[in-house]
10 protein chains.
Amino acid sequence: MSDKDIYAGLTQLGGATALPASPEEAVLERVPNPQAGTAYCVRFAAPEFTSLCPITGQPDFAHLVIDYVPGAWLVESKSLKLYLGSFRNHGAFHEDCTVSIGKRLVELLDPAWLRIGGYWYPRGGIPIDVFWQTAAPPEGVWIPVQGVPPYRGRG
Amino acid sequence: MSDKDIYAGLTQLGGATALPASPEEAVLERVPNPQAGTAYCVRFAAPEFTSLCPITGQPDFAHLVIDYVPGAWLVESKSLKLYLGSFRNHGAFHEDCTVSIGKRLVELLDPAWLRIGGYWYPRGGIPIDVFWQTAAPPEGVWIPVQGVPPYRGRG
Amino acid sequence: MSDKDIYAGLTQLGGATALPASPEEAVLERVPNPQAGTAYCVRFAAPEFTSLCPITGQPDFAHLVIDYVPGAWLVESKSLKLYLGSFRNHGAFHEDCTVSIGKRLVELLDPAWLRIGGYWYPRGGIPIDVFWQTAAPPEGVWIPVQGVPPYRGRG
Amino acid sequence: MSDKDIYAGLTQLGGATALPASPEEAVLERVPNPQAGTAYCVRFAAPEFTSLCPITGQPDFAHLVIDYVPGAWLVESKSLKLYLGSFRNHGAFHEDCTVSIGKRLVELLDPAWLRIGGYWYPRGGIPIDVFWQTAAPPEGVWIPVQGVPPYRGRG
Amino acid sequence: MSDKDIYAGLTQLGGATALPASPEEAVLERVPNPQAGTAYCVRFAAPEFTSLCPITGQPDFAHLVIDYVPGAWLVESKSLKLYLGSFRNHGAFHEDCTVSIGKRLVELLDPAWLRIGGYWYPRGGIPIDVFWQTAAPPEGVWIPVQGVPPYRGRG
Amino acid sequence: MSDKDIYAGLTQLGGATALPASPEEAVLERVPNPQAGTAYCVRFAAPEFTSLCPITGQPDFAHLVIDYVPGAWLVESKSLKLYLGSFRNHGAFHEDCTVSIGKRLVELLDPAWLRIGGYWYPRGGIPIDVFWQTAAPPEGVWIPVQGVPPYRGRG
Amino acid sequence: MSDKDIYAGLTQLGGATALPASPEEAVLERVPNPQAGTAYCVRFAAPEFTSLCPITGQPDFAHLVIDYVPGAWLVESKSLKLYLGSFRNHGAFHEDCTVSIGKRLVELLDPAWLRIGGYWYPRGGIPIDVFWQTAAPPEGVWIPVQGVPPYRGRG
Amino acid sequence: MSDKDIYAGLTQLGGATALPASPEEAVLERVPNPQAGTAYCVRFAAPEFTSLCPITGQPDFAHLVIDYVPGAWLVESKSLKLYLGSFRNHGAFHEDCTVSIGKRLVELLDPAWLRIGGYWYPRGGIPIDVFWQTAAPPEGVWIPVQGVPPYRGRG
Amino acid sequence: MSDKDIYAGLTQLGGATALPASPEEAVLERVPNPQAGTAYCVRFAAPEFTSLCPITGQPDFAHLVIDYVPGAWLVESKSLKLYLGSFRNHGAFHEDCTVSIGKRLVELLDPAWLRIGGYWYPRGGIPIDVFWQTAAPPEGVWIPVQGVPPYRGRG
Amino acid sequence: MSDKDIYAGLTQLGGATALPASPEEAVLERVPNPQAGTAYCVRFAAPEFTSLCPITGQPDFAHLVIDYVPGAWLVESKSLKLYLGSFRNHGAFHEDCTVSIGKRLVELLDPAWLRIGGYWYPRGGIPIDVFWQTAAPPEGVWIPVQGVPPYRGRG
Ligand SMILES: [Ca+2]
Ligand SMILES: [Ca+2]
Ligand SMILES: [Ca+2]
Ligand SMILES: [Ca+2]
Ligand SMILES: [Ca+2]
Ligand SMILES: [Ca+2]
Ligand SMILES: [Ca+2]
Ligand SMILES: [Ca+2]
Ligand SMILES: [Ca+2]
Ligand SMILES: [Ca+2]
Ligand SMILES: [Ca+2]
Ligand SMILES: [Ca+2]
Ligand SMILES: [Ca+2]
Ligand SMILES: [Ca+2]
Ligand SMILES: [Ca+2]
Ligand SMILES: [Ca+2]
């Protein structure tokens, strides 16, 4: 199977696709892993994540970083972008939201391993970071630290 | 139980709450962990901590970072902010204060694991940092380094 | 007059002095400028400033940097520390507070020139910085940029 | 007039206010400048700005920094936050949007001087920054550089 | 004229456009300046520039930063991207190439002012940077420093 | 065998060699490891990698870092440079391309161990990083972290 | 025993104490560990260390960082400051001096574990760093990296 | 006059010279400026400065940076080092000490221009920086900013 | 004249040229400025400069940065590299060496303007930087700051 | 044995020693380890290393960092400096040279453990780093990461 073939049948790539109205309506898509059988790690950094506070309706912002070791599937990156964008007008708590995004990807991809770090912008002077992984990293696979610098206020 | 329900019964969230006069008077609150049964880590960075020196009465300042792996409970973040704010006019030694804050959270939350780093501003040219955790981190849970840069004087 | 003589008559230096209860009660002191007649600049960096929000009573934090070109007087640094500490339980708006501290020092010192930068910790995701100087910097005096890094959220 | 009085008559401060549906519907409010007659500079850093691309409907992100030298009025910061938040579901081009925000503030505040820097996240690998000021900075007023680091890709 | 109208008549925006084979074949396009009559500055950072050495045929790389104060026209950003991409298989000397890109934009846009900085990757251990502007910056327009960090070898 | 002798028989070193038209045409060369029998690690950082998107034909850019523990062979560095340069006009997906480069080197060198990190420039605001190693690092060999800073957007 | 009580019987705290003439004359003091029975780590950063070269009599400078896991005792920080200051006019070799300071603290405190890093200023272009710990860090205790940046000369 | 000749007659260079007991006893030496008649700037960075507090006898530390435009003379750098070292056991106030060092060099060298920046380590949480120059920098001579980063406490 | 023609007649480019034994023997070459008549600035960063101390024969190291505004000529970069390399076994004082390199380039190129910054590695703990320019920068030409970070010792 | 005694019998310390003509002629010296029996680590950072390319004769540069756990001996630092300086006019390949320096030190010192990192300046845009250690680090000895930042080209 050539690299190009793996993109056949996708519904969103290349066209002008509207932002889904909610995470539930977003269609996350996957493509066959062209290096299936090789244990490697893929990282997405998404510094443009935003959702709404479910209590106050005010916007929240986060920098998300997702690492995974694919099995049979890769996430198609445009559908990932649309999925993350679908939180734009959706209410979500920090801890729950971060872990849920990770779990949705696990459901889609059935990866060998996955983790997600959610680095939220401060509210009330105290930012929350959330870190979740499916398990201890698989032995022998290279997974560098995410290295997002800590929040430090001013000065 | 929906995400919103977990915030029912809280006494401080949303209202205009005065700063508690002391750590003893502060009411730390907890909410059910919406991802209970999943091992993940939550981090709070609090660069706005201040207390008083119990010997001289002069202000002390610290940058605190707290990591925990929740069990059945999450700490409610506004009550955490008020609790930390309650040290404002309270005397506290660096080593003792840092460890005590960690222990109070353990008592409230009964977490799977917790650690606290206290990065104190220098006095006499030599800052003190204090690092405490309840135990070695649980296997298979992802807990990144805190990465607070070291004190380096001038130049 | 020897260097030591200029410190005669000070009321707070060396003793164990309680934090003044308000800026009004704080006693800012001055000493003769040992290099009077020479135009130079003195900078104080105060990363440990805190006051209360006059509307909500919640703590505010700021990193202050003060530059001045002394005339006949220098500010005595321990009294400056106590003065800044006296805002601890005092309500103050960001813009007003920063400029007022600068004006109080001008009143005390009658300097050739003075400026103050107030770099406040974010509230609601948007920090306020306040910059005031008495006039354009005097010609021929060296006054480096303050160089406090900008607030940048997370990531 | 006391500091507290200047906040009388505001419609949004303190209450739970919904995000305005568009910039046109947002109500920017102002308060009397408590230091009127003194030339100083106020800076807001807003790293949480987002709008939509008017061509594709996809989200855009920017880090905005606004400096102004107030005349008779200060912008009320919560209304500024809501105004900036009102672009969330609004289409806007980078150059036009940045300058327009600056002009709206000028209309509201009639400041002695104002500038806005819009540092947009990259699209197609090439970010756009937009810089506008009403005029050359007024003589004798201290206005530090904004110091937002340049975009540099990876590595 | 609405914002959307200014994009009518463009030939490359939105479609899948092949990379032009040379700078001569690239079609740089312009749109009416929606803020014409207002003096502001637009910056493009292009860290993905590459060309060929005209002597050896080996690839060269550069980080380009372009600032301009528009007159009646803005450069359309997708056509700019394609124009810069058209140097991919084209021979060009560092000094000449950088200045020529600036001049081509001047020809297209007739801006009030323009500058280009070319920060080339090292060859032989000594990188070349090239800086050109059409004239001294116009008075009263805000044009921040580009702030690209200097090359420093290793260590 | 002297150090110079190990370079005998190479076809590309020292001469003016044209960039190969594709990775398939590139001739990767190897030289005997002068420290064969000693377990050490060699790192190449290649911040000048570029290929084409196989779907759109647009240029992609990456910062590559390759670590390996040589067995009997070292890769000859000029041939490595030409090999990496041969992707210039070649279509390649991020995940596949990065792992494939690693595998080609493994085939050539039969190293004790090898890893490759591909840090790709963002497309659509979300960069992809790809990490692959042949196995867990060999015990007792020193292999420092690659330490490429994470992507962070603007601000 | 209250927090204040643990400071009873100290000879140097609070008074104006002269710098001891040599390390031998310095009186290192200890206080009971208020969190005895809890395994935590205390860090001191001392960027103001200076001694004399025993061969040439010229000043040497170092940045010291000390980590320890207390047992029954904490070091009293003012006495530590005076002890470190006592090297001011004392001859000491880099390797020997760093390790000796660590050993003296071990003798005083009988800690569960201790380490000291001495980061010396360059002489002859090549700085020496010295790292010593009493043993492998105790299991389950959190001891972050010291993170002192490496020396890198100029540029 | 050859370069080597300008070092004839110096008393301290090359030999093993003891640290002078006080600034008064230190012998600052000068050599003819080999580029006399050319206006250029020389910078010394001295991160290893230390003196004693004249009130408490405790050590103080500073990072000094000296810039000067030589006339007929250059300062001999070893004598400068010994002069700065002579403050080791000497009492000195921050403002006075910094300016006095500058004045002593002016007396020795009669330079076209000189400035000194003293960046002192914090005491009581608030460091003092002192900036002095003999006059506005001479026109047409290149004198870069000193660029010492500001003090920022912790975090 | 085409770009390629300007390289005709050069003696060192492309061939394998030995390092000249001294600055006097080095042949600095020039090529016609392909953008003659346009005022722009060219910067070379040379972090690999080394010479010998004329007193002790020990190696010295410097990071050099050269900016110039060409007139009729550009310096040919390979000859510049060889010229700088020719100091390798040559004795040179810091101040004299830096200014002399600048003057030699002025003699060769007769530029509109030139400056050189020499950032020397520390000896005895105190590095020397040397800054020279031919005159105040020409009006209207863009010449960014060199931005070499200051020396700061350790910590 | 006193600290001073361990320096008896050295041939190069204190005197004016010429740079050895080659690594073979350099005399590396050792002194008894004053802390023999204690497992600690010594680090040398040598940012001033330079050799010649054995193929082209052009200069190469590297930043070297050496860590070792001494046994009975310490390397005398001046002889180390002279040894490293002796590569100045000597041809050496990157991989071989780095490992060889490590092996020569092992031969001299018979240390408990040693490692060397060679961070070479880029040639052809791709720097080589070489990492070698004698074995896995000894258990229980503290050996921090070297932390040399990665090469990243420009921008
Ligand atoms: Ca202090
Ligand atoms: Ca320092
Ligand atoms: Ca005085
Ligand atoms: Ca906030
Ligand atoms: Ca950001
Ligand atoms: Ca992009
Ligand atoms: Ca790069
Ligand atoms: Ca528009
Ligand atoms: Ca270096
Ligand atoms: Ca070899
Ligand atoms: Ca206690
Ligand atoms: Ca040195
Ligand atoms: Ca360097
Ligand atoms: Ca802080
Ligand atoms: Ca190179
Ligand atoms: Ca780059």
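Numbers restart at 1 for each chain; the letters A, B, ... are given by sequence-line order, proteins then strands. What you are looking at is a predicted structure, and each value in this text was computed from that prediction instead of being measured.
- With a threshold of 4.5 angstrom between heavy atoms, I116(I) approaches chain H through N, CA, C or O but not through any side-chain atom.
- Residue contact with chain I, scored on non-hydrogen atoms closer than 4.5 Å, involves the backbone of V141(H) exclusively.
- Put simply, of T38(H), L64(H), V148(H), the one with the most heavy-atom pairs under 4.5 Å next to chain I is T38(H).
- Contact of E139(H) with chain I is not made at all, since no heavy-atom distance falls under 4.5 Å.
- Nearest heavy-atom pair, P150(I) versus G147(H), reported as atom, atom and distance to 0.1 Å: CG-O, 3.4 Å.
- Around atom CD of E24(I), more than 12 heavy atoms belonging to other residues, nucleotides or ligands sit under 6.0 Å away.
- Remark: K78(H) NZ to I55(I) CD1 distance equals 12.0 Å, nearest 0.5 Å.
- With rounding to the nearest 0.5 angstrom, the OG atom of S77(H) is 8.0 Å from the NE2 atom of H94(I).
- Taking the side chain as every heavy atom from C-beta outward, L84(H) and I126(I) approach each other to under 4.5 Å.
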Does the side chain to side chain contact (heavy atoms under 4.5 Å, CB included) test come out yes or no for D129(I) and V42(H), once each step is laid out? CA-CA 6 Å; D129(I) 295 345; V42(H) 180; over 6 Å; no
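- To the nearest 0.5 Å, the span separating OH on Y40(H) from CG on D96(I) amounts to 7.0 Å.
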Side chain to side chain contact (heavy atoms under 4.5 Å, CB included) evaluation trace for W142(H) with Q146(I): CA-CA 11 Å; W142(H) 174 35; Q146(I) 292 196 348; 3.3 Å; yes
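- Taking both residues in full, the closest heavy atoms of G125(I) and P47(H) are given as O-CD, 3.6 Å, listed atom of the first, atom of the second, then distance.
- Taking the side chain as every heavy atom from C-beta outward, E95(I) and L74(H) approach each other to under 4.5 Å.
- Heavy-atom distances place no part of T134(I) under 4.5 Å from chain H, backbone and side chain included.
- The distance from the CH2 atom of W132(I) to the CD atom of Q35(H) is 8.0 Å, given to the nearest 0.5 Å.
- Per-residue counts of heavy-atom pairs under 4.5 Å with chain H were compared for P127(I), A136(I), G118(I), P137(I); the largest is that of P127(I).
- Considering only heavy atoms from C-beta on, F93(I) stays 4.5 Å or farther from P34(H) through its side chain.
- For chain H, no part of V145(I) is nearby; none of its heavy atoms comes within less than 4.5 Å.
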